[in-house]
Amino acid sequence: MINHDEELSRPASQDGLSIGILTGGKSRRMGQNKAFLTWNDQSFIEHITGELSGFAEVLVSCREPELYRGLELPLVVDERDDIGPLEGIRCLLKKASCESIFICAVDMPLVTEELVRFLWKKKDPELDCLAVQTRKQPEPLCAVYSKRVLPVIETMLSEGEHRLYALLERITTQTVHPEEGDFGEEVVRNLNFYEDYEDCVNNCLNQEE
């Protein structure tokens with residue numbers, strides 16, 4: 001068993017990209033912890049960390065580390081309460097061993113290694129962030145961030161600004177449509193309600209038949 005009280009990280013691979021999975025939401029709309037919903041006979045958190053295990057390191061952002069110790073992955077615990085996902089992003093940026101990190105929410109079970117490699121290849125290294133662009137808006141919880149973003153987040157929090165879209169407005173943000181890589185927009189679908197979860201599972205089952 002890995003001792004999570006020690007500094008944990010895998011040596012950076014040639015990818016130069018860390019992975020951060022955000023689990024910290026309170027899941028009020030879902031009614032249960034989304035990280036432990038089932039997907040292909042695994043929990044969401046097991047599925048997504050396994051899918052993205054081929055990168056330099058996989059970090060799990062959480063508020064309750066005791067729930068995730070069985071993953072035997074580095075756990076990044078929020079340092080401040082009631083800030084939302086911006087705090088998780090801040091802590092992941094501090095912990096990551098690479099200069100860039102792909103961050104997504106645990107309720108995005110359709111995110112794949114192929115999608116992340118596509119985004120990483122498309123990212124302009126001179127810009128702070130590359131976010132997936134949906135028909136509605138950029139998705140800040142499916143994006144590659146540079147460590148250069150960290151002081152911007154610190155400033156925002158000192159000002160009491162916690163909105164993710166405010167972050168995208170303050171940094172140099174590039175966007176890319178998933179269709180450019182032959183991915184459907186559903187690949188970044190996040191599941192907020194149990195009905196969303198059931199619908200997504202049923203759609204995937206129907207596509208396999």
Side-chain angles (χ1 to χ4, degrees), residues 2-25 35 44-65 67-69 71-80 83-108 111-132 138-158 162 164 167-168 170-174 176 188:
I2 292 177
N3 181 357
H4 288 276
D5 294 328
E6 299 174 354
E7 186 73 9
L8 296 176
S9 66
R10 299 176 184 172
S13 74
Q14 293 181 350
D15 290 316
L17 183 67
S18 298
I19 300 294
I21 311 300
L22 293 166
T23 70
F44 271 22
I45 187 62
E46 290 171 329
H47 166 73
I48 198 164
T49 55
E51 176 67 27
L52 303 182
S53 63
F55 291 90
E57 64 181 353
V58 178
L59 307 174
V60 177
S61 166
C62 57
R63 294 183 300 110
E64 301 174 280
L67 298 179
Y68 304 96
R69 295 200 189 279
L71 295 171
E72 299 192 353
L73 289 170
L75 304 179
V76 182
V77 183
D78 289 355
E79 297 173 357
R80 311 175 197 181
I83 291 177
L86 193 62
E87 171 66 3
I89 293 174
R90 183 185 74 87
C91 292
L92 285 168
L93 286 167
K94 287 176 59 178
K95 178 73 172 181
S97 62
C98 298
E99 286 302 309
S100 295
I101 181 170
F102 170 77
I103 292 177
C104 70
V106 76
D107 63 351
M108 293 180 169
V111 166
T112 63
E113 178 180 351
E114 290 76 18
L115 173 69
V116 178
R117 292 198 182 278
F118 164 71
L119 298 177
W120 182 223
K121 184 177 180 180
K122 294 285 288 187
K123 185 180 182 300
D124 184 335
E126 299 300 317
L127 301 183
D128 297 328
C129 173
L130 181 147
V132 172
E139 178 48 78
L141 295 184
C142 189
V144 179
Y145 292 91
S146 165
K147 276 183 175 282
R148 294 189 299 269
V149 172
L150 186 55
V152 179
I153 295 177
E154 297 284 8
T155 298
M156 288 175 60
L157 295 182
S158 70
H162 303 165
L164 291 177
L167 171 62
L168 296 187
R170 294 192 185 201
I171 62 179
T172 54
T173 301
Q174 172 188 3
V176 60
V188 294

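Everything quoted here is computed from the prediction, not taken from an experiment. Because only heavy atoms are used, hydrogens play no part in the values below, and waters and symmetry mates are left out as well, while side chains stay in.
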Checking side chain to side chain contact (heavy atoms under 4.5 Å, CB included) between Pro140 and each of Leu164, Ile103, Ile89, which is the one that passes?
Leu164

Pairing of Arg80 and Glu154 as salt bridge, 4.0 angstrom limit:
yes

Using salt bridge (Lys or Arg N to Asp or Glu O under 4.0 Å) as the criterion, list what pairs up with Asp78, not counting sequence neighbours.
none

If you compare all heavy atoms of Thr23 against all heavy atoms of Ser61, which two are closest, and at what distance to 0.1 Å?
OG1-O, 2.6 Å

What one should report as the nearest heavy-atom pair of Leu71 and Val60 is CD1-CG2, 4.1 Å

Can you measure from CG (Leu52) to NE2 (His47) and round to the nearest 0.5 angstrom?
8.0 Å

The reported gap from CG in Leu150 to CD1 in Ile101 (rounded to nearest 0.5 angstrom) is 11.0 Å

Partner set under side chain to side chain contact (heavy atoms under 4.5 Å, CB included) for Val77, not counting sequence neighbours:
Cys62, Pro65

Given Leu92, Val58, Leu119, Ile21, the one that forms side chain to side chain contact (heavy atoms under 4.5 Å, CB included) with Phe102
Leu119

Find the distance between CG (Leu22) and CE (Met108) and round it off to the nearest 0.5 Å.
9.5 Å

Got a sec, which residues hit side chain to side chain contact (heavy atoms under 4.5 Å, CB included) with Glu79, two or more places apart in sequence or on another chain?
Glu87, Arg90, Cys91, Lys94

Evaluate the side-chain proximity of Pro74 to Glu57: yes if any heavy-atom separation is below 4.5 Å, no if none is.
no

To the nearest 0.5 Å, tell me how far Leu17 CG sits from Cys98 SG.
6.5 Å

Residues in side chain to side chain contact (heavy atoms under 4.5 Å, CB included) with Ala143, at least two apart?
Cys129, Ala131, Tyr145

Distance check, rounded to the nearest 0.5 Å: Ile48 atom CD1 versus Ser53 atom OG?
11.5 Å

Pairing residues for Gln174 by the side chain to side chain contact (heavy atoms under 4.5 Å, CB included) criterion, not counting sequence neighbours:
Lys123, Asp124, Leu127, Leu130

Tell me, please, whether Phe55 has Arg117 positioned over its six-membered ring: NZ or CZ under 6.0 Å from the ring centre and within 45 degrees of its axis?
yes

Shortest non-hydrogen contact between Ser18 and Ser97, atoms and distance:
OG-N, 3.8 Å

Using side chain to side chain donor-acceptor pair (under 3.5 Å) as the criterion, list what pairs up with Thr172, not counting sequence neighbours.
Asp128

Looking only at heavy atoms, which two atoms of Leu141 and Glu139 are closest? And how far apart?
N-OE2, 2.9 Å

For residues Leu157 and His162, determine if any side-chain heavy atom of one lies less than 4.5 Å from a side-chain heavy atom of the other.
yes

Step-by-step side chain to side chain contact (heavy atoms under 4.5 Å, CB included) determination, Val111 to Glu51:
CA-CA 8 Å; Val111 166; Glu51 176 67 27; over 6 Å; no

Partner set under salt bridge (Lys or Arg N to Asp or Glu O under 4.0 Å) for Lys147, not counting sequence neighbours:
none

Mind checking the CG-OG1 spacing from Leu167 to Thr173? Nearest 0.5 Å is all I need.
7.0 Å

